[in-house]
Structures are given as structure tokens and as C-alpha cells.
Amino acid sequence: MITDEVFNQLKANHKNLTENEFAKSYLGTSRSYLCNRRNKNKDVSNDVALNLYCVLIKKANQWKVSASRESVIQYRLRWDQLSDHYLSLAGELAEIILKRAEHN
């Protein structure tokens with residue numbers, strides 16, 4: 001599932017991110033929804049994937065703004081890296097969503 005890949009990549013940067021918080025804050029759904037999809041061996045719906053895409057873009061922009069306002073260079077660089085990471089994840093997700101749309 002694409003959401004598992006995104007969750008694992010985000011967790012690498014945000015050690016305290018739980019699957020429950022990810023489902024609620026990033027996907028706009030519940031952890032039980034994710035468990036249900038896994039049990040059925042199906043990926044999340046396009047609506048949920050699009051919600052994740054929007055959240056990733058929003059958070060990338062927030063990191064970018066924070067970086068632009070930061071005077072401490074090490075923080076600015078780190079926040080720029082986080083912004084780039086979120087944008088990269090969003091880009092990968094967009095490609096998957098587009099491929100799904102082509103097959104429907």
C-alpha cells in the first residue's frame with residue numbers, strides 16, 4: 001500500500017508519528033480503515049490518496065515558510081530538507097494517482 005510507504009518515510013523523520021495520528025491527520029480517515037484495506041489487500045481509495053497528497057503539499061509549504069523565516073542556518077537547512085522530502089513524497093503519490101486514473 002502506498003500509504004504504508006509514505007508512513008514509513010515520514011516516521012523516519014518524525015519518530016513519534018503513530019499510525020493512528022497518520023490515518024487521522026494525513027489521510028482524513030481512521031486506523032481501522034487502514035487495517036480493513038490491508039486485510040482485503042487493497043490500497044486506499046483515490047479520495048484518501050488525494051487527501052494525503054494535499055496534506056503533504058500543505059506541510060511542505062509550511063516547512064518552506066518556516067525555513068525562510070529562520071535565522072539559524074542549521075534549522076533553515078533542516079526545514080528546507082523536510083519541505084523537499086514532503087514535496088518528493090507528494091510527487092510520487094501524484095504519479096500513482098494518475099496511473100490509477102488511466103486504468104479506470
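Counting heavy-atom neighbours within 6.0 Å of Asn41 CG, excluding the residue itself, gives a total of 12 or less.
Shortest non-hydrogen contact noted between Ala90 and Ile57 is CB-CD1, 3.6 Å.
Pairs of residues two or more places apart, or lying in two chains, that qualify as salt bridge (charged side-chain N to carboxylate O under 4.0 Å, His left out) and include a residue from residues 2-18 are Asp4-Arg38. Pairs of residues two or more places apart, or lying in two chains, that qualify as salt bridge (charged side-chain N to carboxylate O under 4.0 Å, His left out) and include a residue from residues 75-93 are Lys64-Asp80, Lys64-Asp84.
Under the 4.5 Å side-chain heavy-atom criterion for grouping Ile, Leu, Val, Met, Phe, Trp and Tyr, Leu82 is connected to Tyr75 within one hydrophobic cluster.
For the pair Val6 and Leu10, the minimum side-chain heavy-atom distance is below 4.5 Å.
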Table please: side-chain donor-acceptor pairs of residues 27-37 below 3.5 Å, with sequence neighbours left out.
unit_1	atom_1	unit_2	atom_2	d
Ser30	OG	Ser32	OG	2.9
Ser30	OG	Tyr33	N	3.3
Arg31	NE	Glu19	OE1	2.9
Tyr33	OH	Ser45	N	3.0
Arg37	NE	Asp43	O	2.9
Arg37	NH2	Asp43	O	2.6

Pairs of donor and acceptor atoms involving the side chains of residues 67-74, under 3.5 Å and at least two apart or interchain, shall be tabulated with distances.
unit_1	atom_1	unit_2	atom_2	d
Ser68	OG	Val65	O	2.7
Glu70	OE2	Val72	N	2.9

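Shown here are the side-chain contact (heavy atoms from CB on, under 4.5 Å) partners of Ser66, two or more places apart in sequence or in another chain: Trp79. Here Tyr53 pairs with nothing under the side chain to side chain donor-acceptor pair (under 3.5 Å) rule; sequence neighbours left out.
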Stepwise, does the side-chain contact (heavy atoms from CB on, under 4.5 Å) test hold for Gln62 with Lys59? CA-CA 5 Å; Gln62 289 171 338; Lys59 289 188 176 287; 3.8 Å; yes
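In this pair, Tyr86 and Tyr26 present their aromatic rings parallel. The plane angle is below 30°, not in the 30 to 60° band.
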